[in-house]
Amino acid sequence: MDTSGPAAFVNGEILKMFVGRRVRTVVQAQREEGGLLIGQSTDGHQLTIKGASGAPMSHYMEIIGIAEPNQAIRAEVCTDFGENFDPAPFNGLCKLANGQMKDLFL
């Protein structure tokens, strides 16, 4: 496993604590605006994803990239998880990975 550039598990609320760092999140694609993907995070926040245009609307997308100000991520890797994805477990993972279990995560 390559641990040289770990990506923190984040939801919309936690994202703002990682500006300038590599993050991993899941959003449900809602619309595109000027080449940007607008998606809803697993905890209901609206996120702007740069470099992820062309995602099928209503599909869940895993985004790995650099967190930017104003609830934005500059995407490096995008993976389509399809329409059948339960966001609640991922949201719970984000809370654990940045809370009581953060010592278990890079």
Side-chain angles (χ1 to χ4, degrees):
M1 176 194 309
D2 179 13
T3 59
S4 61
F9 287 96
V10 299
N11 58 21
E13 182 66 28
I14 296 168
L15 177 64
K16 59 189 164 197
M17 298 184 324
F18 287 89
V19 171
R21 296 177 53 195
R22 197 160 191 248
V23 296
R24 173 187 308 258
T25 195
V26 174
V27 298
Q28 184 175 27
Q30 294 183 321
R31 66 185 184 282
E32 283 192 29
E33 290 180 5
L36 303 173
L37 173 67
I38 308 301
Q40 182 173 335
S41 68
T42 57
D43 61 342
H45 290 257
Q46 182 175 292
L47 303 182
T48 301
I49 312 300
K50 301 173 181 178
S53 60
M57 293 306 109
S58 80
H59 279 217
Y60 287 90
M61 303 292 295
E62 179 188 46
I63 308 295
I64 300 173
I66 304 300
E68 296 186 343
N70 301 319
Q71 297 292 86
I73 299 173
R74 185 173 14 106
E76 297 172 342
V77 178
C78 302
T79 305
D80 186 350
F81 283 175
E83 294 180 292
N84 298 318
F85 178 84
D86 184 355
F90 183 85
N91 194 53
L93 173 63
C94 293
K95 291 177 183 179
L96 286 173
N98 292 283
Q100 66 187 35
M101 299 297 197
K102 66 181 175 183
D103 294 337
L104 295 176
F105 295 86
L106 298 174

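Values below: every heavy atom of this structure, side chains too, minus hydrogens, waters and symmetry copies.
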Non-hydrogen side-chain atoms of [X] and [Y] separated by less than 4.5 Å:
X   : Y   : answer
L47 : Q40 : no
V23 : L15 : yes
Y60 : F90 : no
I66 : E76 : yes
L37 : M57 : yes
Q28 : S58 : yes

- Message: Does atom CE (M17) have a neighbourhood of more than 12 heavy atoms from anything else shown, all under 6.0 Å?
- Response: yes
- Query: Within a radius of less than 6.0 Å around CG of D86, do more than 12 heavy atoms belonging to other residues, nucleotides or ligands occur?
  - Reply: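 Enclosed.
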- Message: Count I, L, V, M, F, W, Y as connected when their side-chain heavy atoms are under 4.5 Å apart, and connections chain through other members. Are F85 and F9 then in the same cluster?
- Response: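 Per the 4.5 Å side-chain linkage, F85 and F9 are co-clustered.
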- Should L96 and V26 be counted in the same cluster of Ile, Leu, Val, Met, Phe, Trp and Tyr side chains packed under 4.5 Å apart?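 As far as the 4.5 Å side-chain criterion goes, V26 and L96 are connected within one cluster.
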Search all heavy atoms of [X] against all heavy atoms of [Y] and return the closest pair with its distance.
X   : Y   : value
A55 : A29 : CB-CB, 4.4 Å
I64 : A7  : CG2-CB, 4.1 Å
A52 : I63 : CB-CD1, 4.5 Å

- Task: Can you measure from CG (N91) to CG (N11) and round to the nearest 0.5 angstrom?
- Result: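 CG of N11 is found 4.5 Å from CG of N91.
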- Rounded distance (nearest 0.5 Å) linking atom NE2 of H59 with atom OG1 of T79: 14.0 Å
- Pairs involving residues 56-73, ordered by first then second residue, that meet salt bridge (charged side-chain N to carboxylate O under 4.0 Å, His left out) (sequence neighbours left out): R24-E62, K50-E68, E68-R74
- Message: K16: which residues meet the side chain to side chain donor-acceptor pair (under 3.5 Å) condition with it, sequence neighbours left out?
- Response: E13
- Note on the structure: Partner of V10 under side chain to side chain contact (heavy atoms under 4.5 Å, CB included), picked from T25, D43, T42, is T25
- Item | Q46 (side chain) donor-acceptor with I38 (main chain) under 3.5 angstrom |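 Between the backbone of I38 and the side chain of Q46 there is no qualifying donor-acceptor contact (under 3.5 Å).
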- Message: Tell me every residue that passes side chain to side chain contact (heavy atoms under 4.5 Å, CB included) with N98, counting only those two or more places apart in sequence or in another chain.
- Response: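 Only I14, F18 meet the side chain to side chain contact (heavy atoms under 4.5 Å, CB included) criterion with N98.
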